[in-house]
Amino acid sequence: MKRRDFLLGTAATAGVMGAASWGAARSTEQQLTIQTARFAFREKPTDGLVSLSPDAPPPVIYGTQGNPMRLRVANGTEDYTAMHWHGLRIANAMDGVPYLTQMPIAGGESFEYEFTPPDAGTYWYHPHCMTMAQMAHGLTGVMVIREAEDPGFDGDQVINLRDFRLDGNGAFLSYYSARGAARGGTHGNVLTANWLRAPVYDHPAGGLVRLRIVNTDTTRIYKLHLSTAQARIIAWDGHPVEIDVPLPSATEPLLVGPGQRVDFALRMPASEGQTADLLAELPGQPTRTMAKLRSVGTNLARNMAELKPLPANPISRPDPTNAEVLDFVFGWTPEGGPPNDGYCGSLGYSFWSINRTPWAGDAAKGTGPLATLERGKSYVLRLRNESPNLHPIHLHGLAFIPIRSNLRTLPPLVTDTMLLLKDEVAEIALVADNPGDWAFHCHVIEHQKTGLAGYIRVT
Ligand code: C2O
Ligand code: CU
Ligand code: CU
């Protein structure tokens, strides 16, 4: 398998968490108030951001596998909202999809999300109502679900990658365009990690650090690699990687689409002050440093070989030989009125479709599921990309395993988001083990909001 053939999704988190804090938080209760915020990405502050505090990015939310979480989301804005927990396999009623699993949360109202994460790993959260507007203005945060047992790292670093579209005065430029929505999406011009430009985080020299990278951008497919070879990919889209995956490089970077996450284990350089860097390749530009990890203190002299594999999450393994095959075609729409998204914000066009039908809208009455799956059965979903653009296709509530593609060898990883390449036909397999109506859409939000969405029912 060539490295460039290996496409993963990423999601990372921000913040430093020492191994010492393991086990501190058991059941989690937290109040999250969506509000407008102000923050200086460059010299001049940017107003009109949406976050969970007045002057900072949405925080990393920590939970522990198998322990209940209660997150009370209050809407302190004038727009409607609903919060989704990307990648968590929880009860449908807690999934945060407006009109499908709950009604939108009005300004001044709140909604209590209660769930017990079945899986450990790197996940994230974002609104699913006013999705484009609120995400583009900042409301995307990382969730870290800790393993029940401390896996023994000397440091834990979350990196939330996201772009903003700002003018020279720090003011927001329009966050979508009809031209972008009909093509690859509208890209931001200020690239950040944890809302910072090339932040530096300190970790113990010679220590083993878990680097959790999350792409929460609305558009950009990040092409990533590290400056160090003392590293290994240990998880992909939340779930532990059980096979040896080649390390990405400048010439063969890792593609991480919106919604995807990659966890690296890396060994910090031995001498104080040296760094291990997260690097991005951007079209027509020199390699960009997204974040740096800097060694501090005396050399812990840890060895990559000391790493124990992460315990597998309790995913039902599909039996593809015994599975019904369901076809999904992603492409442009033959015709398109604007979707009816009710209180959840429409971009005003339909450009995209699944199975040649654009999503009628979040609030459109009588919109049936794209497919109905029987609980407990294995299925193969055959995903065909009929467009020249890449689409990170995301399914809520269920984990799946890519099994085959017409273009590349797909490593058998457990995931919730599949980055479909141009002209790709990929098959993914799953067990329909979580009942409910599960949103199924492209995570380039301009595509999602202009037709490339639907849902799958598990009965
Ligand atoms: Cu991360 Cu339906 O979304
Ligand atoms: Cu999701
Ligand atoms: Cu798309």
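Only this structure's heavy atoms are used, side chains among them; waters, hydrogens and symmetry mates stay out. The structure presented is a predicted model; accordingly, all values stated were derived computationally and were not measured. In each ligand, atom 1 is the first atom listed, and ligand 1 is the first ligand listed.
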Are there over 12 heavy-atom neighbours, none belonging to Tyr349, within less than 6.0 Å of that residue's OH?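 Atom OH in Tyr349 is not packed in, count stays at 12 or less.
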If you take the centroid of each ring, where Trp contributes its six-membered ring, are Trp195 and His137 closer together than 6.0 Å?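 Centroid separation for His137 and Trp195: 6.0 Å or greater.
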Before we go on, tell me: are the rings of Phe328 and Phe440 under 6.0 Å apart, centre to centre?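 Close enough - the centres of the two rings lie under 6.0 Å apart.
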Ion pair [X]/[Y], N-O distance below 4.0 Å:
X      : Y      : answer
Arg70  : Glu112 : yes
Glu147 : Arg210 : yes
Arg408 : Glu424 : yes
Asp163 : Arg220 : yes

Per the disulfide (SG to SG under 2.5 Å) rule, what does the pair list look like for residues 371-456, sequence neighbours excluded?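 Passing the test, one end in residues 371-456: no pairs.
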Under the disulfide (SG to SG under 2.5 Å) definition, can you give me all pairs with a residue in residues 101-149, not counting sequence neighbours?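 Output for this query lists Cys129-Cys344.
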Measure distances from atom 1 (Cu) of ligand 1 and count the protein N, O or S atoms below 2.8 Å.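 That number is 3, waters not included.
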Taking the Cu ion (ligand 2) as the centre, count the protein N/O/S atoms lying under 2.8 Å from it.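 Under the 2.8 Å cut-off, the count stands at 2.
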